[in-house]
There are 2 protein chains.
Amino acid sequence: MPPKQPAVPSVWTRPRKEREQPALSRGRIVTEAVRLLDADGIDALSMRSLGTRLGAGATSLYRHVASKDELIELAVDEVFGELEVPAEAGPDDWRAALAATAGSLRAMVLRHPWFASVVGQVGLAFLGPNMMRMSDRVLGILGAAGFDVTEADRAMKALVAYVLGMATSEAAWLNVLAQSGQDEGELLRALMPAAEQAVRDHPHLRAFYAAVPRQEAQSDLARRRDEDFDYGLQRLLDGLRHRLA
Amino acid sequence: MPPKQPAVPSVWTRPRKEREQPALSRGRIVTEAVRLLDADGIDALSMRSLGTRLGAGATSLYRHVASKDELIELAVDEVFGELEVPAEAGPDDWRAALAATAGSLRAMVLRHPWFASVVGQVGLAFLGPNMMRMSDRVLGILGAAGFDVTEADRAMKALVAYVLGMATSEAAWLNVLAQSGQDEGELLRALMPAAEQAVRDHPHLRAFYAAVPRQEAQSDLARRRDEDFDYGLQRLLDGLRHRLA
DNA sequence: TCACTCTAGCGAACACTGTACGCACTGAGC
DNA sequence: GCTCAGTGCGTACAGTGTTCGCTAGAGTGA
């Protein structure tokens, strides 16, 4: 047994585990889970690893969280809190407002690459408060643009599906990239021979591969991804505008 | 200890494991994996459960497959083999061809609901032969429609992103539905009170909820999903056509 | 026929996983 | 002081993916 604490503990010699508040809480757990996921990816998240990060045992977490699946749902909604959606828009700037929303959503996914690997499991069936807030705003923007209720809902679903689909595949590529430990250009060049081999019997794919420049700086690769994303987004917005006219 | 086998085994009492051919093969493993996934979902797929289904031990699989992740990638590409893409199309029917492709892709995902939960992990970084075949054809259709190489690639990415995003969220909902064991209408009605509660502070969401009919037959629910999917698809195709004009 | 190599399959083992259960402790209210 | 609810944790269980070294048989060449 260690000796008893002095009656008046100094700031330097206070008990290591200062039990100020309940110490563990849903909020703290979820925040730390997101931190862990961001840093080390989905495979690194285990109840034990998260517990030790919080200075707690693994099973203590279950007092605040029903299961690992629920924890992940909470982490997903936590991340949705970062989303920036214009509070409202008029019939003239709905397009800009939606584009900004889409950009913010994509950036959110790319900031948290693990998001891609769980979005399919948790689906959007789980309706966290943050996600509801953003849905409501997007519906508002579309309503102000002139869409009726059910069409606004469909337009929103389409936008979200496009952005998540696009960002998901980007994030999956970034995950591969991170695990390879290589530079993006290096990795691309390393994969090139296999790709050229596989593409031999596919004329259109081959034509595309032939057209893409062989050596590109990192910034060019990133810009190309931005353009890829923007292209489809603009086509979808064009289609929606055409619907209004 | 069970008694030894008789010296001359009859047809009825021959060793259970008749070793005809190599018995295990990459192909057989992948096919059975897809069957298992379709029947019992992603959580039911373990190397041991798959092994026993094939009348083999878990570790035997590793002679034919490098890891569980690789197995899943193979299963994904196997499923891509079901995709039906028109071999070619002219400048007048590219839109119909793309719509058919999109429908086939969506149907494929819904036939294999586990697909949604792995598509984010494996991404589209993995380029299996079946997926390359379909990419090549889609690029061909878009090229014939009048898009240049890089724009065709962007259009294809957008289409696939939209369809997968949409189908993924549908499949996730279907997964929840299947696990609940309830009828879709029942489950919706069961969730309604919580949804109305959560929606209280969100006027636009509330308006949408108010507009959706309370009691719908299963066929109506399915038709509504089809329409949701079609709406975004048509908007995207509109945007692409507008780009050509 | 023998000896040799090669390979598919397997059993045991390892390091982990998510989670159920019951005990220990703490602080609040009476 | 006593009770009681709530918080944390140690142990345990059933299961995971994967490694390693063994076995039994097929194929090959002499």
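In what follows, chains are A, B, ... by sequence order, proteins preceding strands, each numbered from 1.
Residue B:H64 has a polar side-chain atom (N or O) positioned under 4.0 Å from OP1 or OP2 of C:dG9. The phosphate of D:dC9 has OP1 or OP2 within less than 4.0 Å of a side-chain N or O from A:S60.
With sequence neighbours excluded, the residues that form a side-chain contact (heavy atoms from CB on, under 4.5 Å) with B:D183 are B:E186, B:Q218. Scanning for salt bridge (charged side-chain N to carboxylate O under 4.0 Å, His left out) contacts around B:R26 gives B:E70, with sequence neighbours left out. In terms of the side-chain contact (heavy atoms from CB on, under 4.5 Å) criterion, residue partners of B:D69 (sequence neighbours excluded) are, by chain and number, B:S67.
Among the nucleotides C:dG9, D:dG8, C:dT19, the one closest to the side chain of A:S67 is C:dT19. Closest to the B:K68 side chain, of the nucleotides D:dC9, D:dG17, C:dT17, is D:dG17.
As rounded to whole Å, 15 Å separates atom P of D:dT23 from atom CZ of B:R63. The CG atom of B:L61 sits 9 Å away from the P atom of C:dC10 (whole-angstrom rounding). Regarding A:L71, its CG atom lies at a distance of 14 Å from the C1' atom of C:dT19, rounded to whole Å.
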Identify each donor-acceptor pair in which a side-chain atom of residues 102-113 of chain A lies under 3.5 Å from a protein atom, sequence neighbours left out, and give them as a table.
residue	atom	partner	partner atom	Å
A:S104	OG	A:E84	N	3.0
A:R106	NE	A:E170	OE2	2.7
A:R106	NH1	A:D226	OD1	3.2
A:R106	NH2	A:E170	OE1	3.0
A:R106	NH2	A:E170	OE2	3.4
A:R106	NH2	A:D226	OD1	2.9
A:R111	NE	A:E82	OE1	3.2
A:R111	NH2	A:E82	OE1	2.9
A:H112	ND1	A:D38	OD1	2.7
A:H112	ND1	A:D38	OD2	3.0
A:H112	NE2	A:E82	OE1	3.0
A:H112	NE2	A:E82	OE2	2.9

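Residues from residues 27-54 of chain B that place a heavy atom under 4.0 Å from any atom of DNA chain C, listed by number: B:R48.
Checked for salt-bridge contact, B:E216 and B:R224 meet the test: a charged N lies under 4.0 Å from a carboxylate O. Residues A:R214 and A:E196 are paired through a salt bridge, judged by an N-O separation under 4.0 Å between the basic side chain and the carboxylate.
Axis angle, first five pairs versus last five pairs of the helix from C:dT1-D:dA30 to C:dC30-D:dG1: 10°, rounded to 10°.
Evaluation of atom-type donor-acceptor distances gives a pair under 3.5 Å for the side chain of A:T59 against the base of D:dG10.
From A:R137, atom CZ reaches atom CE of A:M132 across 15.0 Å, with rounding to the nearest 0.5 Å.
Nearest heavy-atom pair, A:A44 versus A:S49, reported as atom, atom and distance to 0.1 Å: O-OG, 3.0 Å.
Classified by interplanar angle (parallel below 30°, tilted 30° to 60°, perpendicular above 60°), the ring pair A:Y162/A:F229 is parallel.
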